[in-house]
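What follows is a short report on a single structure.
Chain naming here is simple, since letters A, B, ... match the order of the sequence lines and numbering starts at 1 in each.
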2 protein chains.
Amino acid sequence: MLSRGRIVDAAIDLIEREGADAVSMRGIAAGLGVGVMSLYNHVPNKAALLDAISETILSKIEFTDDPSAPWTDRVRVQARAFRQIAHHYPRSTMVVFSRQLHSSAGLLPVERALSTLRDAGFEGSEAVRMLRMFVAYIVGSLLREVGVTPTFAPVRGDATVAEVDPVLFPEVSSLAPLLTSCDHDEEFEFGLELLVQAMAVRAGEQSGRRRARG
Amino acid sequence: MLSRGRIVDAAIDLIEREGADAVSMRGIAAGLGVGVMSLYNHVPNKAALLDAISETILSKIEFTDDPSAPWTDRVRVQARAFRQIAHHYPRSTMVVFSRQLHSSAGLLPVERALSTLRDAGFEGSEAVRMLRMFVAYIVGSLLREVGVTPTFAPVRGDATVAEVDPVLFPEVSSLAPLLTSCDHDEEFEFGLELLVQAMAVRAGEQSGRRRARG
DNA sequence: GACTGGCACGTACGCTGTACGTCCGTCAAC
DNA sequence: GTTGACGGACGTACAGCGTACGTGCCAGTC
């Protein structure tokens, strides 16, 4: 028996195997051993299916952070949970980023993050701003990590960089080896640490002001 | 006379008018008053055309930062230049983000940024890490700002948030008004400032260590 | 037994990207 | 002035896409 869930799962499998461009209603149906039009009994159209894929991916994020741990550690754990799922479904992650979903699928991550930020001492618009900044960093990082099409990426990039004119682009030229290679784990942790520290500084100022007022 | 540049310009116009999904070789050709296949005399295929669009957009970034200004100000100016062009071509920006380009089109921004980071005291891998973190934030922010499909966005989001269960999602529920509305300028500047300050702290530690060694 | 609703499915239409062949205007060589 | 080559604009054609619509089967209810 066909179902919305089975269709979404098959679609995610197909995307991970053959890429987001290769996904088609016919391909998904073939993967399920089913006629194309049968899909439309469970999904109104392809756009809705892609939205459903986004929600499913988002819902797979597992939060294992300990509520009693310091908020800085919880922030780190939550950020890594986000990243882990993106690495597990790299190509589907691209479709998540390419669609803005109006649904409440991503609400649990937001709730957890806001709760953590409250523990850190941020409230109201300050908490929302912190959240948005943090999400921006994570999304931007993952877009870079995941957008390089992990499978069969032609390493043509090196050749291009080798041709960089050292006179026009001295900095790029001298840092070329560092720019072409990238330890994604290390890069992510670096930015994460910088952000957590920046937030800690800001949190200290906040509580300092509150103490001064109280 | 048809040319690669005219094709790219027409394609960008079309994307901004009707969205990235609506862009087709036939549509572009029609906009130029030309047969479809004529395009293929100047562009090998649609993917290459989209790459060309990305490069063109990237090349439109104007750097007006004063090399004699403090590096913190230069960072701010460069970030805003990036953002400005994304706002000028919002829908094309989405295609830029959805493609990773192997070309050297985005090299000038990188060069300028690395030069600024060197002035701040960052060198080698530290500079590259700072650059990548900064780009991640900017890209993530712009993806949020631009991904909300500025034109004719159905404001269904508010209704969805109004239905949030206050028991399941207390934080989201209490901050709902702040979460639904968003002053993009303010949000961007907030994160930008936080990052610049974090970088300044790190730069101070760097130069401190150098002084200690020297 | 008849009736009804849901689901799987085939057909068909308009759209897409693009391979291939054709035509025509321009320019060089004789 | 004629001829030949060549580059660019173009039409045709094909495979593949999303999906509107109609058909047939099968379970459940009166």
Proximity to DNA chain D (any heavy atom under 4.0 Å), residues of residues 38-47 of chain B only: B:Ser38, B:Asn41, B:His42
Within residues 3-12 of chain A, find the residues that approach DNA chain D with a heavy atom at under 4.0 Å, and present them sorted by residue number.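 Within this stretch, nothing sits under 4.0 Å of the strand.
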Heavy atoms only, 4.0 Å cut-off, all strands: where does B:Val34 land among base, sugar-phosphate and nothing? sugar-phosphate
Atom pairs under 3.5 Å: protein N/O with N/O of nucleotides 21-25 of chain C:
none

For a quick test of your reading: what N or O donor-acceptor pairs under 3.5 Å do the side chains of residues 1-9 of chain B make, sequence neighbours left out?
from, atom 1, to, atom 2, distance (Å)
B:Ser3, OG, B:Arg6, N, 3.2
B:Arg6, NE, B:Met1, O, 3.3

My understanding is that only residues two or more places apart in sequence, or in another chain, count here; which of them pass salt bridge (charged side-chain N to carboxylate O under 4.0 Å, His left out) with [X]?
| X | result |
| --- | --- |
| A:Glu187 | B:Arg132 |
| A:Glu193 | A:Arg76 |
| A:Asp185 | A:Arg83 |
| A:Arg112 | A:Asp65 |

Would you say [X] has more than 12 foreign heavy atoms packed within less than 6.0 Å of its [atom1]?
| X | atom1 | value |
| --- | --- | --- |
| B:His88 | NE2 | no |
| A:Asp21 | CG | no |
| B:Gln197 | CD | yes |

Counting only heavy atoms and a strict 4.0 angstrom limit, can you tell me which residues of residues 21-32 of chain A come near DNA chain C?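 Only A:Arg26 qualify.
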Is there side-chain contact between A:Leu49 and A:Ile28, with heavy atoms separated by less than 4.5 Å?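 Touching, per the 4.5 Å side-chain cut-off.
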With heavy-atom distances below 4.5 Å as the criterion, would you say the side chains of A:Leu39 and A:Leu32 are in contact?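 Result yes, sub-4.5 Å side-chain heavy-atom pair found.
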Under the side chain to side chain donor-acceptor pair (under 3.5 Å) test, residues paired with B:Asp13 that sit two or more places apart: none
Salt bridge between B:Glu189 and B:Arg80, side-chain N to carboxylate O under 4.0 Å? yes
Between B:Phe169 and A:Leu108, does a side chain to side chain contact (heavy atoms under 4.5 Å, CB included) hold up when you go through it step by step? CA-CA 8 Å; B:Phe169 304 106; A:Leu108 182 59; 4.3 Å; yes
Take atom CE of A:Met1 and atom C1' of C:dA8, then tell me their distance rounded to the nearest Å.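 Rounded to the whole Å, the gap is 9 Å.
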From the 5' end of DNA chain D to its 3' end, which nucleotides mark the outer limits of contact with chain B, defined by a 4.0 Å heavy-atom distance cut-off (strictly under)? D:dG8 to D:dA13
Listed by chain and number, what are the ring pair (Phe, Tyr, Trp, His ring centres under 6.0 Å) partners of B:Phe188, not counting sequence neighbours?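 Testing B:Phe188 for ring pair (Phe, Tyr, Trp, His ring centres under 6.0 Å), a comparison that skips the adjacent residues, returns B:Tyr137.
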Could you state the interatomic distance from CG (B:Leu14) to CD (B:Glu16), rounded to the nearest 0.5 Å?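 Taking CG in B:Leu14 and CD in B:Glu16, the distance rounds to 10.0 Å.
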